[in-house]
Amino acid sequence: MEKIRVRFAPSPTGYIHVGNARTALFNWLFARKNRGVFILRIEDTDIERSAETYEKKLIEDLRWLGIEWDEGPDTGGARGPYRQSERGDLYQEQAQKLMNGGKAYYCFCSPDELERERRDAVASGRPAVYSGKCRGLAPEDARKKVETGNPAAVRLRTPGRGMLTYNDLIRGPLSFDLALTGDPVLIRSNGMPAYNFAVVVDDTLMGITHVIRGEDHISNTPRQILTYEALSFPLPSFAHLSMVMGPDNTRLSKRHGATAVDQFRQDGILSSALFNYLALLGWAPPDGEEVLDAGRLIELFRLEKVSRSAAIFDYDKLNWLNRQHMKTIPSKEAARAAYPFLKEEGLMPENMTEERWEWLERAVGVLIERINRFSEIPAEFELFSKFSPSEMDHADREDLKMESSRKVLRLFIEKTSEDEKLDFDRFSALTQEIKQESGIKGKDLYHPLRLALTGCSSGLDLDKFIPLVEEGASLHLPKSIKSCRQRIFETLNNLE
RNA sequence: GCCCCUGUCGUCUAGCUUGGUUGAGGACACCGCCCUUUCAAGGCGGCAACACGGGUUCAAAUCCCGUCGGGGGCGCCA
């Protein structure tokens, strides 16, 4: 059987949007699933909107997401070049072929003129289709006109009537009335190929067997099929993915919040989670398991099972998936992922010793189950780094002012010394002693301790909190962590 | 305006091809309970949908027609 070849062909006009990333992902999954080839092609024929920095960014974001291509602008390959801007000759050559065969013709209509025709058509209720005004021009006359410097586009001569049907891998048979498909521009008057022509030439020359792209290309497809036929190129299979929408059911855009892959990265979303989420947007595995890594996704993926209707991007579910993925990553990796966010906030130092890493690893390990994404870690980290009894909640403060509370805290101070480092066993022993001596137990015993230690009535389990604080205190972090004894001491003083 | 795609819980979806196994299943979110002397996590449970109207049929979420809703396209943008 012929080897499957698919491509992702973005135009480098900005940062990569999750909708496009999803298209890339489905292509990639399909390629890997079928042991085929995945190609990255840059569609930069619109000179005004393309920029080199965008291409670099695009490549970086795609790689971060975990999508690797077998052939592309930076990796090379046998069917290159992989930038449309470097393939000009190829388009000219194919266009010339069509001109020679009388299947294409020069069009001298100005954009203004065409725009006027279009408006008139819509106003009078007719379909907005190119009139075919220039298709009757004698080729010799047209050539002369071009040679004397008249700007001309090249258009494909289409039948203008009849029906065209093709079978979409996701949607089944799709039919179009060719009377509504005007003669498309192949080469623009500035010499650059038009999108609809460039894709056909590129996809054929690159040996693409399956064109998997967004639903917004459905109505381009008949035009492209006509072009394939005019060129006597074999037809690939087509599959059109539905769109990704925002919560208000309009096309996902900036005003919906984060939409660029890079924004999710900066927010501390794991690439494996975004990858997983995107795959689940419009596709579901057979047995309903949802937390999946790339390998499992490849195993289960089936293009025919992709949903036909548009899907709304659900930030809640992404967060949930991110939590699931955070749980599975090794603690070293979690610490590494959290570190930049903490450093940014001045909570971790530039230079990290072995000891600090080891501590961070444990700290992140307990904080990670309280957050959705790594950008939230500095706020949780305040449990350690921030301690100001004076800012305590009023009700909590009243609780501490009770005589029994004070007694607990005073006993704690009496029984510990400045230079002693507590571990949890020692802490437990201490609380037992306090209990014996004071007769205070249960909530009356633990609640004041928690308040005095954390400044807050809720938070980490004390058995996790205490050793981390005690060891963190000797780490000399930019924002120093206070020891348990110091915390209780300060709380007591602040009560007066 | 014209053409095309699409319509199952608030959201992502399973089921639809091959009508009865569906009192329509799962997941996120939400609510409740349990666990926990806190919070979160976790466990258990609950709320919640076949857009509407006609057919066909003994039987329709599943097949047909129409209406309505949503989306896309009609570019010398991609």
Side-chain angles (χ1 to χ4, degrees), chain A residues 9-13 20 43-46 48-50 84 107 109-111 114-115 118 121-130 151-155 168 170-172 174-177 179-182 184-196 198-199 213-223 240 242-243 245 247 249-251 277 280-291 304-305 307-321 323 327 366-371 380 383 441-447 449-451 454 456-462:
Chain A
S11 49
T13 55
N20 288 122
E43 310 222 323
D44 56 353
T45 56
D46 186 359
E48 279 155 35
R49 285 172 46 185
S50 299
Q84 288 190 330
C107 172
C109 299
S110 73
L114 294 171
E115 182 53 34
R118 194 171 305 122
V122 170
S124 63
R126 283 177 287 118
V129 181
Y130 172 62
V154 175
R155 281 185 193 267
D168 192 286
I170 294 173
R171 288 154 207 278
L174 261 30
S175 296
F176 302 85
D177 184 349
L180 303 174
T181 304
V185 167
L186 268 22
I187 304 288
R188 298 184 270 197
S189 53
N190 68 2
M192 295 296 277
Y195 166 77
N196 278 303
V199 264
R213 75 236 294 196
E215 186 182 24
D216 46 341
H217 290 288
I218 288 182
S219 42
N220 283 324
T221 308
R223 255 183 280 284
H240 288 97
S242 61
M243 310 266 79
M245 318 294 270
N249 218 310
T250 63
R251 229 168 149 166
Y277 178 69
L280 253 30
L281 204 57
W283 171 81
D287 59 0
E289 65 174 316
E290 293 191 299
V291 183
E304 318 81 68
K305 299 299 280 182
S307 159
R308 292 174 301 274
S309 54
I312 294 174
F313 195 93
D314 184 355
Y315 291 87
D316 281 335
K317 188 141 186 179
L318 206 214
N319 281 336
W320 174 77
L321 262 177
R323 274 204 311 271
K327 279 183 193 168
V366 303
L367 295 181
I368 205 168
E369 53 192 58
R370 317 174 65 81
I371 58 173
E380 287 298 320
L383 273 168
K441 57 180 181 177
K443 194 171 182 175
D444 293 336
L445 174 62
Y446 288 94
H447 190 61
L449 282 173
R450 166 176 291 284
L451 283 175
T454 68
C456 183
S457 60
S458 67
L460 282 181
D461 290 341
L462 290 181

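It should be emphasised that the depicted structure is a prediction, and the values quoted were computed from it without experimental measurement.
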Between B:G15 and B:C3, how far apart are the C1' atoms? Round to whole Å, please. 32 Å
Can you tell me, in whole Å, how much space there is between the C1' of B:G19 and that of B:C58? 12 Å
Do A:Phe313 and A:Leu318 have side chains that get closer than 4.5 Å, going by heavy atoms? yes
With distance as the sole criterion, do the side chain of A:Arg370 and the base of B:C39 form a donor-acceptor contact below 3.5 Å? yes
Need the pair for B:G20. Rule: Watson-Crick or G-U wobble, both distances under 3.5 Å, any strand; none if unpaired. B:C58
In whole Å, measure the gap between the C1' atoms of B:A24 and B:A61 for me. 8 Å
Base paired to B:C68 (Watson-Crick or G-U; both N/O distances under 3.5 angstrom): B:G7
Give the rounded distance in Å between these two atoms: CG of A:Leu174 and C1' of B:U6. 11 Å
Side chain to side chain, A:Trp320 and A:Asp314, heavy atoms closer than 4.5 Å: no
Between B:G20 and B:A59, how many Å separate the two C1' atoms, rounded to a whole number? 6 Å
Output the rounded distance in Å from CZ (A:Phe176) to P (B:C5). 6 Å
From the options B:A27, B:U11, B:U38, select the nucleotide whose nearest atom is closest to the side chain of A:Lys317. B:A27
Just call it for A:Leu460: base, sugar-phosphate, or nothing, with non-hydrogen atoms closer than 4.0 Å on any strand. base
Should A:Lys305 be listed as having a side-chain N or O under 4.0 Å from OP1 or OP2 of B:A14? no
Take atom C1' in B:A48 and the same atom in B:G23, then report the distance between them in whole Å. 15 Å
Any base atoms under 4.0 Å from A:Gly214, or only sugar-phosphate, or nothing? Heavy atoms, all strands. nothing
From CZ of A:Arg213 over to P of B:C4, roughly how many Å is that when rounded to an integer? 18 Å
Residue mapping more 5' on RNA chain B - nearest nucleotide basis, A:Cys107 or A:Leu462: A:Leu462
Heavy-atom side-chain proximity of A:Val129 to A:Thr181 below 4.5 angstrom: no
In sequence, state the C-alpha distance, the side-chain angles, and the governing distance for A:Asp216 and A:Arg251, and then conclude on salt bridge (charged side-chain N to carboxylate O under 4.0 Å, His left out). CA-CA 11 Å; A:Asp216 46 341; A:Arg251 229 168 149 166; 3.4 Å; yes
From B:C76, B:A40, B:G7, nucleotide with atom closest to A:Pro111 side chain: B:C76
Return the minimal non-hydrogen interatomic distance between A:Arg450 and A:Gly459, and the atom names on each side. NH1-N, 3.6 Å
Nucleotide B:A41, atom C1' - distance to CG of A:Asn319 in whole Å: 15 Å
Under 4.0 Å, counting only non-hydrogen atoms across every strand here, what does A:Arg171 touch: a base, just sugar-phosphate, or nothing? sugar-phosphate
Contact between A:Asn20 and A:Pro10 at the side-chain level, heavy atoms closer than 4.5 Å - yes or no? no
May I ask you to test the A:Thr221-A:Arg213 pair for a side-chain heavy-atom distance under 4.5 Å? yes
Is A:Glu215 close to A:Arg171 at the side-chain level, that is, under 4.5 Å between some pair of heavy atoms? yes
For B:C2, the Watson-Crick or wobble counterpart (both distances under 3.5 Å): B:G73
Between protein and nucleotides 72-74 of chain B, what N or O pairs are separated by less than 3.5 Å?
unit_1, atom_1, unit_2, atom_2, d
B:G73, O4', A:Ser219, OG, 3.4
B:G73, O2', A:Ser219, OG, 2.6
B:C74, O2', A:Ala128, O, 2.4

Could you please name the option among B:A78, B:U13, B:C76 that lies closest to any side-chain atom of A:Ala311? B:U13
Using the P atom as the reference point in each nucleotide, state the distance between B:U22 and B:C68 in Å, no decimals. 36 Å
Paired to B:U36 by Watson-Crick or G-U wobble criteria (both distances under 3.5 Å) is none
Euclidean distance, atom CG of residue A:Leu281 to atom P of B:G71 [Å, nearest integer]: 17 Å
B:U6 base / A:Arg308 side chain donor-acceptor hit below 3.5 Å: no
Among B:A29, B:G71, B:U13, the one nearest A:Asn249 by side-chain distance: B:G71
From C-beta outward on A:Glu290, which listed nucleotide comes closest to its side chain: B:C39, B:G26, B:A29? B:G26
Rounding to an integer number of angstrom, what distance separates B:G45 and B:C28 when you compare their P atoms? 13 Å
On a plain distance test, is the side chain of A:Asp461 in donor-acceptor contact with the base of B:C39 below 3.5 Å? yes
In chain order, what residues pass the side-chain hydrogen bond (donor to acceptor under 3.5 Å, both in side chains) check against A:Tyr195, with sequence neighbours excluded? A:His217
Any A:Asn196 side-chain heavy atom under 4.5 Å of A:Val185 side chain: no
Nearest-Å distance once atom C1' is located in both B:C74 and B:U11: 32 Å
Determine the contact category for A:Ser457: base if any of its heavy atoms lies under 4.0 Å from a base atom, sugar-phosphate if only primed atoms, P, OP1 or OP2 are that close, otherwise nothing. base
Under 4.0 Å, heavy atoms only, any strand: does A:Cys109 hit a base, just the sugar-phosphate, or nothing? base
How many whole angstroms separate atom CG of A:Leu318 from atom P of B:C28? 14 Å
Once you apply a heavy-atom cut-off of 4.0 Å, does A:Ser175 come out as touching a base, just sugar-phosphate, or nothing? sugar-phosphate
Toward the 5' end of RNA chain B, by each residue's nearest nucleotide, A:Ala284 or A:Trp320: A:Ala284
Please report, rounded to the nearest Å, how far the P atom of B:G15 is from the CD atom of A:Glu304. 12 Å
In whole angstroms, how far is the P atom of B:A27 from the CG atom of A:Leu321? 13 Å
